[in-house]
Amino acid sequence: MRLPHDLGDGYGLALRDGSTVEVMHDLTLNELSRLRAWEPWAAPEQTLESAEAYASFAIALYEQGTSLPLMITCGDEPVGSASLRLDRYAGIGELGFWIAAAHEGQGVVTRACEALIDEARAEGLARVEIRTAVLNTRSRAVAERLGFMHEGTLRSALALSPERADVALYGMVLTAGHGAEQDAPAA
């Protein structure tokens, strides 16, 4: 994927790296109450040091070819995050995403995920997954809009402080195997 990547309507995708730590940290703090409802990583105190540690970790995974950590931008400003984790051994990618409340409902996350699915296909992955809390209706709607199939529910699989939540597992088959049908047409 060439970066930055244009998503249309002034939105884009850009690599999260050391230069984006402070702006992504500020965005995370602004959206923290919303993120804590669905993301276990958001529960602890969010410090600049923890943001720097995450950025170093994400960049190392990117350099190893096992993750594509991106920020969603509007103009030059970050408005969310999108990522593709790649398990090349299993041939499976996992999408992760969130966007600021002010930018919800405009199809930006769907377009970002479409770009990441295209990247997964280009990388030769056999399937892509989305895992989200069963009660996270917005994320589930993204998966369904993209054509993912709800494949099951993982009981009590997500630690949302102070409780645990069930996880809806969505999958999209990119390369059909024995007994499987391809879910989405080739791009």
Side-chain angles (χ1 to χ4, degrees), residues 1-32 34-42 46 51 54-87 92-123 125 127-133 136-148 158 167-172 174 184 187:
M1 171 182 291
R2 289 186 184 172
L3 295 172
H5 180 85
D6 184 22
L7 296 174
D9 300 324
Y11 290 96
L13 292 172
L15 185 64
R16 287 182 71 168
D17 60 21
S19 71
T20 66
V21 171
E22 288 188 31
V23 292
M24 286 302 293
H25 177 65
D26 290 345
L27 177 63
T28 300
L29 291 178
N30 288 338
E31 299 295 320
L32 198 53
R34 295 175 59 250
L35 291 169
R36 283 185 170 152
W38 308 117
E39 300 292 347
W41 59 262
Q46 300 295 306
Y54 171 76
S56 294
F57 175 73
I59 291 164
L61 293 178
Y62 172 72
E63 290 171 349
Q64 295 169 12
T66 59
S67 181
L68 189 53
L70 305 174
M71 63 181 179
I72 301 170
T73 59
C74 182
D76 293 330
E77 298 297 316
V79 297
S81 178
S83 64
L84 174 65
R85 281 187 272 166
L86 300 101
D87 180 341
I92 298 172
E94 184 176 348
L95 294 177
F97 49 82
W98 63 269
I99 195 160
H103 297 270
E104 284 183 333
Q106 299 178 47
V108 180
V109 170
T110 300
R111 286 179 278 170
C113 288
E114 287 169 340
L116 290 171
I117 292 166
D118 288 345
E119 183 65 16
R121 189 177 282 111
E123 291 287 333
L125 298 181
R127 69 181 270 124
V128 178
E129 297 176 352
I130 295 174
R131 295 169 188 243
T132 187
N136 189 340
T137 57
R138 295 192 76 85
S139 289
R140 292 187 74 173
V142 169
E144 292 164 6
R145 195 167 29 256
L146 289 164
F148 281 71
L158 187 62
V167 170
L169 171 62
Y170 286 89
M172 175 184 282
L174 304 177

- CG of D87 to OG of S67, rounded to nearest 0.5 Å, is 12.0 Å

- Task: Using the side-chain contact (heavy atoms from CB on, under 4.5 Å) rule, take I117 and R121 through it: C-alpha gap first, then chi angles, then the decisive distance, then the call.
- Result: CA-CA 6 Å; I117 292 166; R121 189 177 282 111; 4.1 Å; yes

- Query: Going by the ring pair (Phe, Tyr, Trp, His ring centres under 6.0 Å) test, which pairs reach into residues 62-86, not counting sequence neighbours?
  - Reply: none

- Start with the C-alpha distance between Y54 and M24, add both sets of side-chain angles, then the distance that settles side-chain contact (heavy atoms from CB on, under 4.5 Å), and finish with yes or no. CA-CA 11 Å; Y54 171 76; M24 286 302 293; over 6 Å; no

- Task: Starting at SG of C113, measure out to CE of M172 and round the result to the nearest 0.5 Å.
- Result: 9.5 Å

- Query: How far apart are the closest heavy atoms of P78 and M71, and which atoms are they?
  - Reply: CB-SD, 3.9 Å

- Check whether any side-chain heavy atom of Q106 sits under 4.5 Å from a side-chain heavy atom of Y11, and report yes or no. yes

- Verify the neighbour count for atom CD of E22: are there more than 12 heavy atoms of other residues, nucleotides or ligands below 6.0 Å? no

- Message: How close do H5 and A115 get, counting heavy atoms only, and between which atoms?
- Response: NE2-CB, 3.6 Å

- Which pairs with one or both residues in residues 7-18 pass salt bridge (charged side-chain N to carboxylate O under 4.0 Å, His left out), sequence neighbours excluded? D9-R111

- Minimal non-hydrogen separation, W38 against N136, with atom names: CG-ND2, 3.3 Å

- To the nearest 0.5 Å, tell me how far L13 CG sits from I72 CD1. 6.5 Å

- Between Q46 and H25, is there a donor-acceptor pair closer than 3.5 Å when you use the side chain of the first and the backbone of the second? no

- Message: Tell me the closest heavy-atom pair linking F97 and S139, and the distance in Å.
- Response: CE1-OG, 3.6 Å

- Task: Could you list all the salt bridge (charged side-chain N to carboxylate O under 4.0 Å, His left out) pairs where at least one residue sits in residues 71-86, not counting sequence neighbours?
- Result: R85-E94

- List the steps and the verdict of side-chain contact (heavy atoms from CB on, under 4.5 Å) for R34 and E104. CA-CA 12 Å; R34 295 175 59 250; E104 284 183 333; 2.4 Å; yes

- Message: As an exercise, state the distance from OG1 of T20 to CG of L70, rounded to the nearest 0.5 Å.
- Response: 10.0 Å

- Task: Nearest 0.5 Å please: distance from the CE atom of M1 over to the CG atom of L116.
- Result: 5.0 Å

- Message: Show the nearest heavy-atom pair for residues T73 and A14, with the distance to one decimal.
- Response: CG2-CB, 4.4 Å

- Point-to-point distance, once rounded to the nearest 0.5 Å, from CG of L95 to OG1 of T132: 11.5 Å

- Heavy atoms only: give me the nearest P69-S83 pair and the separation to one decimal. CA-CB, 4.3 Å

- Indicate the ring-plane relationship of W41 and W98, choosing parallel, tilted or perpendicular according to the 30° and 60° boundaries. tilted

